[in-house]
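Each remark here refers to the structure printed beneath this line.
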Amino acid sequence: MSRRSAPMDGPSFKGWTRPGPVPPGGVDLEEGETLDGLCGHWRIFQLAKGNRFSVDDLVTAWYGTTWCPRAGRIADLGSGIGSVALLSAWRCPGAVVHTVEAQEQSLRLAQKSIRYNGQDHRMFPRLGDLRDEALFAGEAPFDLVTGTPPYWPEGDRLPAAHAQSVPARLEVRGSIADYARAAARLLAPGGLFACVFPNDQRERALAALREAGLLCLHRREIIFKDGEPYGLDVFAAGRRQDYPEDFETRAECPEAETPILIRRADGSVDPGIARVRLALGFPPGL
């Protein structure tokens, strides 16, 4: 599921019926692009050989829209091709969604997907740097802020083969700490920040949340394959000032939820991730 999208033809797929509205379409593919299923009947434009949506995006949108107490206004940081924003908008049909992305190529694809799915009346993508403290100046605060930060400092890993994918992998325009600080500035009282990070860097992510004045309320591990250690953590955090002084102790925060397995040892899809996929209008894969 990390590189593939849902097949896009027809109202059903292998016995699974697509939920949700049918988009108006009417936006053409250009050379080097693909148009792929994302959630329900909605589709997303991607580069065939560039950065494509992944399980990271799916679980971030799912976790944020699940734990946010009221998602009327949503902001997605470093939104790339718009996958997290579109997934969140699909799950929250009454929400207004703002995004910020620094790469013009990715922003252009997100704009096409928004038009294709008929959401340009409530989804507002913009070009910018999430580290800019004037970001969204004049806008009301957000009930839900989402982000899928790059995982490694420059030099820690090889850059991606395609230039579009480099900032999604390496910290060329901000780290998990920058995402957390931006979220803390943008959140409405009682709002929620949802993000994803590798499970072998869990303490780094938790430290970034604390230093930004955010309290991690929930954490859930996503295990790629049974028996293999590497996976992801998704986090849901709120502004520390919005909770009683001893809340984290009394409420035992962060709650470490039961891990979700993606693939069993034999390669089959685990029922846990199948249920998450269904919640996002994505084929269960069973």
Is there a path of hydrophobic side-chain contacts, each under 4.5 Å between heavy atoms of I/L/V/M/F/W/Y residues, joining [Y] to [X]?
X      : Y      : result
Val269 : Leu58  : yes
Val96  : Leu192 : no
Phe53  : Val100 : yes
Val84  : Met123 : no
Leu261 : Val234 : no

Say you draw a straight line from [atom1] of [X] to [atom2] of [Y]; how long is it, rounded to the nearest 0.5 Å?
X      : Y      : atom1 : atom2 : result
Phe224 : Leu232 : CZ    : CG    : 3.5 Å
Leu214 : Leu187 : CG    : CG    : 6.5 Å
Tyr63  : Thr146 : OH    : OG1   : 15.0 Å
Arg91  : Cys68  : CZ    : SG    : 11.5 Å
Glu30  : Leu109 : CD    : CG    : 8.5 Å
Leu77  : Asp178 : CG    : CG    : 10.5 Å

Donor-acceptor under 3.5 Å ([X] side chain, [Y] main chain):
X      : Y      : value
Arg277 : Pro283 : yes
Glu221 : Gly231 : no
Arg122 : Ala89  : yes
Lys225 : Tyr230 : no
Glu101 : Gly80  : yes
Gln201 : Pro198 : no
Arg220 : Thr258 : yes

Have [X] and [Y] got a donor and an acceptor in their side chains that come within less than 3.5 Å?
X      : Y      : answer
Arg108 : Gln111 : no
Asp76  : Thr99  : no
Thr34  : Arg52  : yes

Any side-chain heavy-atom pair of [X] and [Y] under 4.5 Å:
X      : Y      : value
Asp233 : Phe197 : no
Tyr243 : Leu217 : yes
Ser106 : Asn51  : no
Ile44  : Ser83  : yes
Pro189 : Arg239 : yes
Leu35  : Tyr116 : yes
Val196 : Ile222 : no
Glu228 : Arg263 : no

Specify the closest pair of heavy atoms between [X] and [Y], including all atoms of both residues, with the distance to one decimal.
X      : Y      : value
Gly147 : Thr60  : O-CG2, 3.8 Å
Ala71  : Cys92  : CB-SG, 3.9 Å
Arg18  : Gly10  : NE-O, 2.8 Å
Gly190 : Pro69  : O-CG, 3.5 Å
Ile74  : Ser88  : CD1-CB, 4.1 Å
Cys39  : Leu280 : CB-O, 3.0 Å

Around Arg70, counting heavy atoms of other residues, nucleotides and ligands shown, do more than 12 lie under 6.0 Å from its CZ?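 Result for CZ/Arg70: open.
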
Taking atom CD of Gln241 as the centre, report whether more than 12 heavy atoms of other residues, nucleotides or ligands fall under 6.0 Å from it.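 Result for CD/Gln241: enclosed.
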
Could you walk me through whether Val276 and Phe282 pass side chain to side chain contact (heavy atoms under 4.5 Å, CB included), step by step? CA-CA 8 Å; Val276 170; Phe282 202 87; over 6 Å; no

Could you check whether Arg264 pairs with Asp270 (Lys NZ or Arg NE/NH1/NH2 to Asp/Glu carboxylate O, under 4.0 Å)?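 A salt bridge links Arg264 with Asp270.
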
Could you go through the side chain to side chain contact (heavy atoms under 4.5 Å, CB included) check for Glu139 and Phe124 one step at a time? CA-CA 12 Å; Glu139 289 288 343; Phe124 305 102; over 6 Å; no

Using the rule given for side chain to side chain contact (heavy atoms under 4.5 Å, CB included), can you reason through Leu278 versus Trp16, listing the C-alpha separation, both sets of side-chain angles and the distance that settles it, and then say yes or no? CA-CA 9 Å; Leu278 283 177; Trp16 167 74; 3.4 Å; yes

Ile81 vs Ser113, test: side chain to side chain contact (heavy atoms under 4.5 Å, CB included). Steps then yes/no. CA-CA 8 Å; Ile81 60 174; Ser113 298; over 6 Å; no

Got a sec, which residues hit ring-ring contact (aromatic ring centres under 6.0 Å, His included) with His218, two or more places apart in sequence or on another chain?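 If we apply the ring-ring contact (aromatic ring centres under 6.0 Å, His included) test to His218, skipping adjacent residues, the hits are Trp67.
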
Test of understanding: with ring-ring contact (aromatic ring centres under 6.0 Å, His included), list the residues that count as partners of Phe136, not counting sequence neighbours.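 In terms of ring-ring contact (aromatic ring centres under 6.0 Å, His included), with neighbours along the sequence ignored, Phe136 is linked to His98, Phe142.
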
